[in-house]
Q: 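Structure below; questions to follow.
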There are 2 protein chains.
Amino acid sequence: MLATGLFSNEARNLGKSARTRARLMDAAVELFARDGFKAASVNEIAKLAEMANGTFYVHFRDKREIVQAVTLGIAQELARQLDEAMVDIDDAVERVSMATRRFLDLALTSPDWGRAFFRAAWAFRDLRENMLSFLRADLERGRDQGAFTVEIDDVLIDTFASMIMGALFGRLAGDFGPEAGARVAELQLRMLGVPPQRAHAVANRQLPELRLTIAALPKQLKPDPVPSR
Amino acid sequence: MLATGLFSNEARNLGKSARTRARLMDAAVELFARDGFKAASVNEIAKLAEMANGTFYVHFRDKREIVQAVTLGIAQELARQLDEAMVDIDDAVERVSMATRRFLDLALTSPDWGRAFFRAAWAFRDLRENMLSFLRADLERGRDQGAFTVEIDDVLIDTFASMIMGALFGRLAGDFGPEAGARVAELQLRMLGVPPQRAHAVANRQLPELRLTIAALPKQLKPDPVPSR
DNA sequence: CCCATAAATGGGAGGTTTGTCAATTTTAAA
DNA sequence: TTTAAAATTGACAAACCTCCCATTTATGGG
């Protein structure tokens, strides 16, 4: 039994039902990332999670339900970690740069999650809007602080987000290295009206080490005492 | 028989085989736009094209083959029209703004094509790189003309393209109106280092009426539907 | 350790999908 | 008009899908 995914890790101290559910969700993340939400099949999810297909329907009413659970889980986890990483930053220029760079670093920590998020962001409007509302807050903060000279409207916010999504895709595809985050952040700041020199300086400032939290611990967990099968 | 799609129109003077093939491709565009390449079924494509499923296999070996034909066809058509619209523009600032705005206008002329392009651009690397090479040429032209102060590298080009894709999505989803093209172009020019005032002026200049060419025909009577999924 | 209950299993009904093929209809050249 | 080639049809096998459910297996409070 593998149980190395992030959902499984999060549920490792919960009851058996929650752990099984989490294993299904981890398998789903992997398949959603590869094939998309429509093309991934319940059969394949159960097979990848190493359980009978009937088990799936004990934990989820149907495919729609696991899609919802997975996308919500990914979005919440990303938002939580991002929020935590920026909790004591006031300067909007710093926040905006940090959001982009941290988001990319986080998503790349678990590429399957990153890929699933990429798909979900285009497919589910409410998830997208939830994420954009955080962005809007920081952009308006920057305007109020006098740092951004551009008008803040829906197109701007959406465009800003698209730049992040494009970078996420490039990183996941292996087209770009880790430096892409800083580069995109710099371009974003230029777009917003931050003087080029400051944009370059802020976007390339070294970020403090990311403090990992519960769910983000990787592999190497104690195997289940009961041998499988 | 409908035969109202762009491929059908392009093939309307060719032999019967080519016309049937084109009808299948038009149906495929519609389904690819709605469901994605993986989730669309051959059965449904044939049904939408009002022919027996066996006919599909006379014209295409399998689904992979029609996906390739459709994506290639869309990309070529868009590139051809864009190229024609900009043939006598020298100033890179104008070209870059025009490429974004014209592209969005074109894609919105046939929303199904736009949606299919949106999906294809993320799914097929060679198509994406083909499009990006046009972009690179104009960006380098602007640098050589001294209009852009930003360094031109892969991340910049990709980010620039992502801004267009984000706007395309927003337009197709009905989140933005026709003014979004000019707004995004303005943001792009700011990012590139064009002074804000000039960026605003160029991006909002009225474009000459687009001269339509062969394939880019007719009405689009379907009411604007929901985006993807 | 007992045993009520929760969890998991695996087979199957009923539907859809892919790709094939013999039979039929349409096309167009002579 | 004739006729051979080209195009189309629709039934079908085999694979695969979703969801159900009668059973078996595991868990944990008393």
Side-chain angles (χ1 to χ4, degrees), chain A residues 1-3 5 7-8 10-28 30-32 34-70 222-229, chain B residues 1-3 5 7-8 11-70 229:
Chain A
M1 161 146 15
L2 281 299
F7 283 121
S8 290
E10 210 164 12
R12 71 194 180 287
N13 294 323
L14 279 52
K16 175 159 181 146
S17 181
R19 294 198 313 270
T20 301
R21 195 181 145 95
R23 274 170 62 213
L24 283 166
M25 289 171 71
D26 281 328
E30 199 173 325
L31 290 176
F32 291 163
R34 204 189 65 200
D35 298 336
F37 301 106
K38 259 203 156 97
S41 83
V42 170
N43 269 0
E44 240 184 322
I45 293 172
K47 189 171 157 193
L48 189 61
E50 295 174 62
M51 61 189 71
N53 87 356
T55 307
F56 177 93
Y57 291 93
V58 174
H59 298 278
F60 299 96
R61 191 194 324 278
D62 54 22
K63 201 167 84 182
R64 248 193 69 273
E65 202 171 281
I66 197 176
V67 166
Q68 187 165 9
V70 163
K222 214 172 80 176
D224 210 309
V226 182
S228 57
R229 279 256 59 173
Chain B
M1 180 185 316
L2 280 298
F7 282 120
S8 289
R12 70 190 182 287
N13 293 322
L14 278 52
K16 175 162 179 133
S17 181
R19 293 198 314 269
T20 301
R21 197 181 142 95
R23 274 207 292 149
L24 282 165
M25 288 171 70
D26 281 328
V29 166
E30 198 173 326
L31 291 175
F32 290 162
R34 204 188 66 202
D35 300 335
F37 302 106
K38 272 205 157 99
S41 83
V42 170
N43 267 0
E44 242 183 320
I45 293 171
K47 188 170 157 196
L48 190 62
E50 295 173 62
M51 60 188 73
N53 87 349
T55 308
F56 177 93
Y57 290 94
V58 175
H59 298 278
F60 299 96
R61 191 192 319 281
D62 54 23
K63 202 166 82 181
R64 249 195 67 273
E65 201 171 281
I66 197 177
V67 166
Q68 186 164 12
V70 164
R229 192 196 209 273

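The figures here come from the full heavy-atom set of this structure, side chains too, leaving out hydrogens, waters and symmetry mates.
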Q: Grab the CZ-P distance between A:R21 and C:dA8 for me, whole Å please.
A: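 It is 12 Å, rounded to the nearest whole Å.
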Q: Take the protein atom CD of A:E50 and the nucleotide atom C1' of C:dG10, then report the distance between them rounded to whole Å.
A: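 About 17 Å, once rounded to whole Å.
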Q: For the pair made of NZ in B:K47 and P in C:dT18, what is the distance, rounded to whole Å?
A: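 These atoms are roughly 13 Å apart.
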Q: For B:K16 and B:G54, take the nucleotide of DNA chain C holding the closest heavy atom to each; which residue's nucleotide lies nearer the 5' end?
A: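 It is B:G54 whose nearest nucleotide is closer to the 5' end.
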Q: Specify the separation, in whole Å, of atom CD1 of A:I45 and atom P of D:dC19.
A: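 These atoms are roughly 11 Å apart.
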Q: Whether the side chain of A:K38 engages the backbone of B:A40 through a donor-acceptor N/O pair (distance < 3.5 Å, no angle test) should be reported.
A: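 No: the side chain of A:K38 does not pair with the backbone of B:A40.
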Q: Atom CD1 of B:I66 and atom P of C:dT18: how far apart are they, to the nearest Å?
A: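 These atoms are roughly 12 Å apart.
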Q: Round to a whole Å and report the spacing from CD of A:E65 to C1' of D:dC19.
A: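 Rounded to whole Å, this separation is 13 Å.
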Q: Can you measure A:L24 atom CG to C:dT9 atom P for me and round it to whole angstrom units?
A: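 To the nearest whole Å, that distance equals 10 Å.
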Q: B:T55 near the nucleic acid: base, sugar-phosphate alone, or nothing, with a heavy-atom cut-off under 4.0 Å?
A: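 B:T55: base contact, heavy atoms under 4.0 Å.
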Q: Determine yes or no for a side-chain-to-main-chain donor-acceptor pair under 3.5 angstrom, with B:N53 supplying the side chain and B:A46 the backbone.
A: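 Not confirmed, B:N53 side chain does not pair with B:A46 backbone.
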Q: Among the nucleotides C:dT9, C:dT17, D:dT9, which one has an atom lying closest to any side-chain atom of A:M51?
A: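 So the nucleotide nearest the side chain must be C:dT9.
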Q: In terms of side-chain heavy atoms of A:N43, which of D:dA7, D:dC17, C:dG10 is nearest?
A: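 Selected nucleotide: D:dC17.
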Q: For DNA chain C, whose closest nucleotide is more 5', that of A:F56 or that of B:K63?
A: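 Going by which nucleotide is closer to the 5' end, it is A:F56.
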Q: Check whether any side-chain heavy atom of A:F32 sits under 4.5 Å from a side-chain heavy atom of A:I66, and report yes or no.
A: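 They are in contact (side-chain heavy atoms under 4.5 Å apart), so the answer is yes.
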Q: Would you please confirm or rule out a distance under 4.0 Å between OP1 or OP2 of D:dC19 and any side-chain N or O of A:Y57?
A: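 Answer yes for this pair, as a side-chain N or O of A:Y57 is under 4.0 Å from OP1 or OP2.
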Q: Which is true for B:V58 with a 4.0 Å heavy-atom rule: it touches a base, it touches only sugar-phosphate, or it touches nothing?
A: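 Here B:V58 touches the bases of the nucleic acid.
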Q: Would a distance-only check, ignoring hydrogens and angles, find a side-chain to backbone donor-acceptor pair under 3.5 Å from B:D62 to B:E65?
A: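 Yes: the side chain of B:D62 pairs with the backbone of B:E65.
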Q: Round to the nearest Å and state the distance from B:N53 atom CG to C:dC21 atom C1'.
A: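 Atom CG in B:N53 sits about 12 Å away from atom C1' in C:dC21.
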Q: Does A:E10 come within less than 4.0 Å of A:R19, counting only side-chain N to carboxylate O?
A: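 Judged by the 4.0 Å cut-off on N to carboxylate O distance, A:E10 and A:R19 do not form a salt bridge.
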Q: Is B:H59 close enough to D:dA7 that one of its side-chain N or O atoms is under 4.0 Å from OP1 or OP2 there?
A: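 Checking B:H59 against D:dA7: no side-chain N or O falls below 4.0 Å of OP1 or OP2.
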Q: Across the strands shown, which category fits B:D62 at heavy-atom distances under 4.0 angstrom: base, sugar-phosphate, nothing?
A: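 Sugar-phosphate only.
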Q: At 4.0 Å (heavy atoms only), tell me whether A:S17 reaches a base, stays on the sugar-phosphate, or touches nothing.
A: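 Sugar-phosphate contact only.
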Q: Between D:dA7 and B:T20, is there an OP1 or OP2 to side-chain N/O distance shorter than 4.0 Å?
A: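 The answer is no; no side-chain N or O of B:T20 sits under 4.0 Å from OP1 or OP2.
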